[in-house]
Chemist: 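Just dropping this structure here.
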Amino acid sequence: MKTLLARDPSRLPRFEAPVIVAIGNFDGLHRGHQALLSQMALLAGRTDSARRSGTLVLVSFHPHPAMVLGR
């Protein structure tokens with residue numbers, strides 16, 4: 001799986017369709033995040049027989065939103 005760190009959303013590349021996006025605070029790759037990625041892969045058609053179908057995109061935040069919002 002290719003990883004891309006983009007700090008400027010206006011400079012993102014074009015992604016292969018379909019694009020499945022998850023937005024959240026990804027603070028590690030624990031079981032819940034692994035389950036989410038598995039479901040995203042199924043939705044994108046990324047099965048063993050179709051490894052290159054679709055693109056999975058995770059949108060996270062730095063700093064943590066609570067730091068910015070003061071909560």
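For clarity, every value in this text was computed on a predicted model and none was experimentally measured.
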Chemist: If you compare all heavy atoms of Ala6 against all heavy atoms of Leu12, which two are closest, and at what distance to 0.1 Å?
Modeler: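 It is CB-CD2, 3.3 Å.
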Chemist: Check each of Val21, Val57, Leu58 against Met40 using the side-chain contact (heavy atoms from CB on, under 4.5 Å) test, and report the only one that passes.
Modeler: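 Among Val21, Val57, Leu58, the one that satisfies the side-chain contact (heavy atoms from CB on, under 4.5 Å) with Met40 is Leu58.
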Chemist: So do Pro18 and Thr55 actually touch side chain to side chain, heavy atoms under 4.5 Å?
Modeler: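 Sidechains of Pro18 and Thr55: no contact.
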Chemist: Test side-chain contact (heavy atoms from CB on, under 4.5 Å) on Phe61 and Val68; report intermediate values, then the result.
Modeler: CA-CA 10 Å; Phe61 306 96; Val68 176; over 6 Å; no
Chemist: Flag yes if more than 12 heavy atoms outside His62 fall under 6.0 Å of its NE2 atom; otherwise flag no.
Modeler: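 Not more than 12 within 6.0 Å, no.
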Chemist: Rounded to the nearest 0.5 Å, what separation is found between the CD1 atom of Ile20 and the CG atom of Leu42?
Modeler: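 Taking CD1 in Ile20 and CG in Leu42, the distance rounds to 10.5 Å.
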